[in-house]
Participant: 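I'd like to ask some things about the structure below.
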Amino acid sequence: MESESVAKAAHCLLLPFPCQGHVNPMLQLLKRLEHEGVRVTLVLHRFFSKKFHKIPTSIATEYISDGFDNGGFEEAESYKIYFQRSRQVGTQTLGELIEKLYRSGNSVDCIVYDSHLSWVLDVAKRFGILGASFLTQNLAVDSIYYHVKKGKLQIPLLEQSVLLPGLPLLAPKDVPSFLCDNESYPAMLDYILDQFSNIEDADWVLCNSFYELETDVAEWFTKILPKLRTIGPTIPSMFLDKRLEDDDYGCALLKSEECIKWLDERKKGSVCYISFGSMATLNEEQMGEIACALRDSDCCFLWVVRTTEECKLPKDFVKKSEKGLIVTWCPQLQVLAHEAVGCFVTHCGWNSTIEALSLGVPMVAMPQWTDQTTNAKYITDVLKMGLRAPADEKGIVRRESLKNCIKEMMETENGKEMKKNALNWKTLATKAVDEGGSSDRNITEFVSTLLDI
Ligand SMILES: O=c1ccn([C@@H]2O[C@H](COP(=O)(O)OP(=O)(O)O[C@H]3O[C@H](CO)[C@@H](O)[C@H](O)[C@H]3O)[C@@H](O)[C@H]2O)c(=O)[nH]1
């Protein structure tokens, strides 16, 4: 009876930004809210839902349109056109969805939306619904963008370093890439900054980070945004506090290939795992340098090369051997949790970064763009659990540099020290989400607001 009345009390829509790196943390929050007795509906962009390899049937799912139902960003003529039209059509179709739900007696109390979809807050307000903005990048990056949006940091950042409250001194190479080069992707930069156009009006601001990880910047930010709460790492409980069983991500854009059996046959700490996430595209020269670094390294390797990137591999490169395995997609958390994995060469997407620190895996940072440059700075200088592979004047990380970084991580005392630091972060991350931890308390506080409605 009790759970029935709770279920009636709160219905929350969760609306992720349509890409893998944004849907994963939202799904974890969804499962946690469900676990606490909140009724949740996942709202997906229609084009995005078609890309999924699997969406669990247990998740109540609804759809909205962004005006590009067949291809999303890829269908639009430009980012600018996509962002304008998706805001307009999204506003309309989300409103229609809420009305439809009302008519079927399924009224909505709160919408948790990816902060990149800031227009959702206007829709929530129009219907008198609570709006919770979900920051899927970390507070350091959010703070930098916030300062730019509020006119407190002038861009482009050329030569000068930046010092902001609660953050280390950031050289131009450490700030989000769009702030140094604000001309290549002006529409994308505007869109990113727009996360902070109305954030003060959100009823809640949730962030996929944890207090112990970003204490100083969290303290500063909560003075500006009193409703800001860290709720991460939003990775499946089975990899952290183990409170929820059989709790994998559940939604995947791509089908994972078998690689755990291959890892099972490798020695503890002997494999270097390489992945550049779901979006980054490397040029052929860079792919060739990575291939040679891996071929010439003493360690084994597991390398994720998405199907769209495979044509850039050197023609004669062997895809499966004793030493190495190339897959098009893998169950990354299981891979990072595997004892054979000794280090992770990463593009430093925030999910990959927080997953690696939650599983105690040291990293070699090869940031490509956006927030990844700032995450790389954190991995090396703040978390002290990795090295940044130096790039040359063309922006390419050469084979010798990468090989040396991998060797240092896997074979030296310095590498051992970083592994120790990584394991320390793993402990702190687990504590944050475990019962009574900082993120757990913040989620409980958020849930109690929903249940009080
Ligand atoms: O073979 C793979 C490779 C990746 N993943 C998962 O895919 C996600 C990738 O996310 P992330 O590391 O954040 O990279 P992107 O997909 O590139 O994410 C985009 O979104 C992030 C969150 O905003 C940003 O930090 C990144 O810079 C941006 O590129 C992670 O959960 C991984 O576990 C897999 O499951 N299997």
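In listed order, ligands and their atoms are each counted from 1.
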Participant: Ring centroids only, cut at 6.0 angstrom: are F221 and Y146 within range, meaning strictly under it?
Facilitator: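 Yes, they do, as the ring centres are separated by less than 6.0 Å.
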Participant: Are W369 and Y185 an aromatic pair by the rule of ring centers under 6.0 Å?
Facilitator: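 When the ring centroids of W369 and Y185 are compared, they turn out to be within the sub-6.0 Å range.
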Participant: Considering only heavy atoms of Q372, which atoms of ligand 1 have at least one such atom less than 4.0 Å away?
Facilitator: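 Close to Q372: 26 (C), 27 (O), 29 (O).
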Participant: Just going by heavy-atom distances, which of T346, N24, V23, V305 is nearest to atom 8 (C) of ligand 1?
Facilitator: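 Looking at heavy atoms only, N24 sits closest to atom 8 (C) of ligand 1.
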Participant: Under a 4.0 Å threshold between the charged nitrogen and the carboxylate oxygen, would E285 count as salt-bridged to K312?
Facilitator: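 No.
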Participant: Mind checking whether Q20 has an N or O less than 3.5 Å away from an N or O of ligand 1?
Facilitator: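 Not met; the criterion fails.
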Participant: Select one of side chain, backbone, both or neither to describe which atoms of S275 lie under 4.0 Å from any atom of ligand 1, heavy atoms only.
Facilitator: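 Side chain only; the backbone of S275 stays clear of ligand 1.
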Participant: Would you indicate which of S352, G21, S115, S177 comes nearest to atom 18 (O) of ligand 1 when only heavy atoms are counted?
Facilitator: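 Residue with the shortest heavy-atom distance to the ligand atom: G21.
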Participant: Any salt bridge linking D298 with K323? Criterion: basic side-chain nitrogen under 4.0 Å from a carboxylate oxygen.
Facilitator: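 Salt bridge: no.
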Participant: I'd like to check which ligand 1 atoms, numbered from 1 as shown, lie under 4.0 Å from a non-hydrogen atom of C330.
Facilitator: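 In order of numbering, the contacting atoms are 1 (O), 2 (C), 34 (C), 35 (O), 36 (N).
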Participant: Which of the numbered atoms in ligand 1 are under 4.0 angstrom from any heavy atom belonging to T370?
Facilitator: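 Near T370, meaning under 4.0 Å from one of its heavy atoms, ligand 1 has 27 (O).
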Participant: L333 near ligand 1, heavy-atom distance under 4.0 Å?
Facilitator: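 Outside the 4.0 Å threshold, so no.
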Participant: Any atoms of ligand 1 less than 4.0 Å from a non-hydrogen atom of W350? List them with their elements.
Facilitator: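 The list of qualifying atoms is 13 (O), 24 (C), 25 (O).
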Participant: Salt bridge or not between R32 and D440? Use side-chain N to carboxylate O under 4.0 Å.
Facilitator: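 Result for this pair is yes, salt bridge flagged.
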Participant: Between E408 and K403, does a salt bridge (Lys or Arg N to Asp or Glu O under 4.0 Å) hold up when you go through it step by step?
Facilitator: CA-CA 9 Å; E408 183 163 353; K403 190 180 139 190; over 6 Å; no
Participant: May I ask whether H347 places a heavy atom under 4.0 Å from ligand 1?
Facilitator: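 Checking ligand 1 against H347, which is what was asked, there is a heavy-atom contact under 4.0 Å.
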Participant: Examine Y82 together with F68 and report whether their ring centres are nearer than 6.0 Å.
Facilitator: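 Y82 vs F68: aromatic centres under 6.0 Å.
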Participant: Any heavy atom of A280 sitting closer than 4.0 Å to ligand 1?
Facilitator: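 False for this residue.
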Participant: Can you tell which part of N351 has a heavy atom less than 4.0 Å from ligand 1: side chain, backbone, both or neither?
Facilitator: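 Both backbone and side chain.
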Participant: Any donor-acceptor pair under 3.5 Å linking the side-chain atoms of Q195 with those of S118?
Facilitator: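 The criterion, which ignores hydrogens and geometry beyond distance, is not satisfied for Q195 and S118.
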Participant: Run down the list H22, E355, Q332 and name the one with the heavy atom closest to atom 31 (O) of ligand 1.
Facilitator: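 The residue whose heavy atom sits nearest atom 31 (O) of ligand 1 is E355.
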Participant: What about the rings of Y113 and W119, do their centers lie closer together than 6.0 Å?
Facilitator: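 Here the rings of W119 and Y113 have centres that are no less than 6.0 Å from each other.
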